[in-house]
Amino acid sequence: MNYRHAYHAGNAADCVKHALLVVLLRAMIAKPKPLFVLDTHAGIGAYDLAGIEAAKTGEWRSGIGRLRQMPPPALADFHDLVGDTDVYPGSPVLARALLRPRDRLALCEWHPDDAAALKRRFRGDPQVQVHWRDGYEAMIALLPPPERRALVLIDPPFEKADEFATLAHTLAAAWQRFPVGVFAAWYPVKHRAPVRDFFADLATRRMTDIIACEVLLREPLDPARLNGCGLLIVNPPYGFEAAAVPVLAALRETLGEADGAATITRLADE
Ligand SMILES: C[S@@+](CC[C@H](N)C(=O)[O-])C[C@H]1O[C@@H](n2cnc3c(N)ncnc32)[C@H](O)[C@@H]1O
């Protein structure tokens, strides 16, 4: 396991993922029933933008650094939750910030050092469970939850060549166990072909009600670069799409180049 998120925290892809995560969670906590949030690839929870790793790549400067210079109104909620300090919150800290007292958060992380750091961060928090565990395996084991309402965030590092296939396969297996769950899976867009293949693979698996929210920073022509990313959402909650449109447009406008794009594509009907 070579991937360490500390080198990439707060970059443009993180901003897209986290701004959409906030929209998803807001839509889900609008209903009073208890919610279970499962973050299958959680990282360490929060990242030091003044640290050695962040400085080495400087990626955050073209992500949260750019958003902070002139935060667009559509991203105000995300920006307020992130704050203006050197600590950039990852998905666990953002999700925790939005939980109500009746909600639960389960975090899985497979890197031993990162899992230990995550355990330290949430020690003593009765609403958060941290697992040093394979997130794909946990996604099957922990679903369906007793609450019968859940948001599952799947955010793998994509360092393995078969990650798209593993993601499609595991997502379909988890959906079989819990077809009413809301699943949000992050994916990179380097060039179009792997994403097209991923969508084609999903289409063979009979899942319903799927959308893909994408922000392209530029035309995805150079496969050596991360040219954009997407969040695939199964069972998007009521109100999500309408709320996501201005958020995606603001992300594209602030973080993208002239030939960037922001789209919501429906991949499977309800
Ligand atoms: C993109 S990072 C996660 C970032 C985090 N979700 C956030 O938004 O703040 C991916 C994480 O997955 C971890 N990881 C890799 N393989 C895993 C697996 N099979 N199960 C759980 N975690 C894994 C990596 O160590 C890394 O911390």
Side-chain angles (χ1 to χ4, degrees), residues 1-25 37-49 51 53-54 57 59-60 63-64 67 78 81-83 86-99 105-122 128-143 151-171 173-174 183-190 213 215 226 228-233 251:
M1 293 178 73
N2 294 319
Y3 183 91
R4 310 309 298 277
H5 196 63
Y7 291 95
H8 311 289
N11 69 7
D14 247 11
C15 290
V16 172
K17 168 179 56 191
H18 293 147
L20 290 173
L21 175 64
V22 168
V23 179
L24 270 174
L25 280 165
V37 180
L38 170 60
D39 188 343
T40 61
H41 294 69
I44 60 172
Y47 300 86
D48 180 9
L49 298 179
E53 293 93 340
T57 63
E59 285 185 21
W60 67 272
I64 192 64
L67 281 182
F78 168 61
L81 283 163
V82 169
D86 282 335
V87 180
Y88 179 81
S91 49
V93 166
L94 281 174
R96 180 66 186 92
L98 292 175
L99 289 194
L105 174 62
L107 306 169
C108 303
E109 171 54 51
W110 196 212
H111 192 292
D113 297 346
D114 289 1
L118 200 57
K119 282 193 177 180
R120 282 195 298 276
R121 179 174 300 280
F122 289 103
V128 182
Q129 262 188 322
V130 178
H131 304 266
W132 175 24
R133 187 171 184 177
D134 173 12
Y136 287 124
E137 173 269 317
M139 192 166 138
I140 305 298
L142 300 180
L143 297 178
L151 169 64
V152 182
L153 175 67
I154 312 153
D155 183 21
F158 282 87
E159 57 180 358
K160 292 185 188 149
D162 61 354
E163 193 87 68
F164 271 118
T166 307
L167 175 56
H169 166 82
T170 318
L171 185 56
F183 297 88
W186 182 90
Y187 59 89
V189 183
K190 292 187 168 180
C213 300
V215 175
L226 183 60
C229 65
L231 201 66
L232 182 103
I233 303 169
L251 287 163

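As a basis for the values below, the full set of heavy atoms in this structure was taken, side chains included, without hydrogen atoms, waters or symmetry mates. For ligands, and for the atoms within them, numbers begin at 1 and follow the listed sequence. These numbers come from a predicted model, not from an experiment.
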Practice item. Using the side-chain contact (heavy atoms from CB on, under 4.5 Å) rule, pick out the option among Ile233, Thr170, Leu143 that qualifies with Phe183. Key: Leu143

Study note, to complete from the structure: Quick note on ligand 1: atoms under 4.0 Å from a heavy atom of Gly43 include exactly 27 (O)

Revision key, fill the gap. Across all chains, not counting sequence neighbours, the salt bridge (Lys or Arg N to Asp or Glu O under 4.0 Å) partners of Arg120 are none

Revision key, fill the gap. Nearest non-hydrogen contact to atom 24 (C) of ligand 1 from the set Arg133, Glu109, Met139 belongs to Glu109

Review point. Applying a 4.0 Å heavy-atom criterion (strictly less than), which segment of His8 is in contact with ligand 1: side chain, backbone, both, or neither?
Key: neither

Check your understanding: Which ligand 1 atoms, with their elements, are less than 4.0 angstrom from a heavy-atom of Asp134?
Key -> 18 (C), 19 (N), 20 (N)

Revision key, fill the gap. When distances are taken from atom 22 (N) of ligand 1, the protein heavy atom at minimum range is Trp110 N, 3.2 Å

Review point. Do any nitrogen or oxygen atoms of Ser91 lie less than 3.5 angstrom from nitrogen or oxygen atoms of ligand 1?
Key: yes

**Study point:** Val93 versus Gly45, closest heavy-atom pair with distance
**Key:** CG2-O, 3.1 Å

Check your understanding: At a non-hydrogen distance cut-off of under 4.0 Å, which region of Lys17 contacts ligand 1 (side chain, backbone, both, or neither)?
Key -> side chain

Point to revise | Nitrogen or oxygen of His111 less than 3.5 angstrom from that of ligand 1 | key: no

Check your understanding: Less than 4.5 Å apart, any side-chain heavy atom of Ile154 and any of Leu167?
Key -> yes

Review point. If you look at every heavy atom in Ala174 and Met139, which pair is closest and at what distance?
Key: CB-CE, 3.6 Å

Review point. Below 4.0 Å from any atom of ligand 1, is there a heavy atom belonging to Val93?
Key: no

Review point. Which atoms of ligand 1 are found less than 4.0 Å from any heavy atom of Asp155?
Key: 1 (C), 2 (S), 3 (C), 4 (C), 5 (C), 6 (N), 7 (C), 8 (O), 10 (C)

Check your understanding: Are Asp14 and His5 close enough that a side-chain donor and a side-chain acceptor fall under 3.5 Å?
Key -> yes

Practice item. Quick one: look up the protein heavy atom nearest atom 15 (C) of ligand 1 and list residue, atom name and how far away it is. Key: Met1 CE, 3.4 Å

Review point. Side chains of His8 and Tyr47: do they bring a donor and an acceptor to under 3.5 Å?
Key: no

**Study point:** Check: Tyr3 N/O within less than 3.5 Å of ligand 1 N/O
**Key:** no

Check your understanding: Heavy atoms, side chains only, cut-off 4.5 Å: are Ser91 and Leu107 in contact?
Key -> no

Practice item. Test His41 against every option in Trp110, Tyr136, Phe158, Tyr3 by the ring-ring contact (aromatic ring centres under 6.0 Å, His included) rule and name the one that passes. Key: Tyr136

Exercise for review: Taking the side chain as every heavy atom from C-beta outward, state whether Leu151 and Leu21 have any atom pair closer than 4.5 Å.
Suggested key: yes

**Study point:** Proximal ligand 1 atoms for Gly90, defined as those under 4.0 Å from one of its heavy atoms
**Key:** 9 (O)

Review point. Which pair of heavy atoms, one from Ala42 and one from Glu109, lies closest together, and at what distance?
Key: N-OE1, 3.8 Å

Practice item. Only counting residues at least two apart or in another chain, list the ones meeting salt bridge (Lys or Arg N to Asp or Glu O under 4.0 Å) with Arg121. Key: none

Point to revise | Geometric N/O contact His5 with ligand 1, under 3.5 angstrom | key: no

Review point. Ligand 1 and Gly135, any nitrogen or oxygen pair closer than 3.5 angstrom?
Key: yes

Check your understanding: Just heavy atoms, cut-off under 4.0 Å: does Thr40 contact ligand 1 by side chain, backbone, both, or neither?
Key -> backbone

Review point. Taking the non-hydrogen atoms of Glu137, is any one of them nearer than 4.0 angstrom to ligand 1?
Key: no

Exercise for review: Distance to 0.1 Å, residue and atom name: give those for the protein heavy atom nearest to atom 12 (O) of ligand 1.
Suggested key: His41 CB, 3.4 Å

Check your understanding: Under a 4.0 Å heavy-atom limit, does Ala42 contact ligand 1 with its side chain, its backbone, both, or neither?
Key -> backbone

Practice item. State the atoms of ligand 1, each with its element, that fall below the 4.0 Å cut-off from a heavy-atom position in His18. Key: 7 (C), 8 (O), 9 (O)

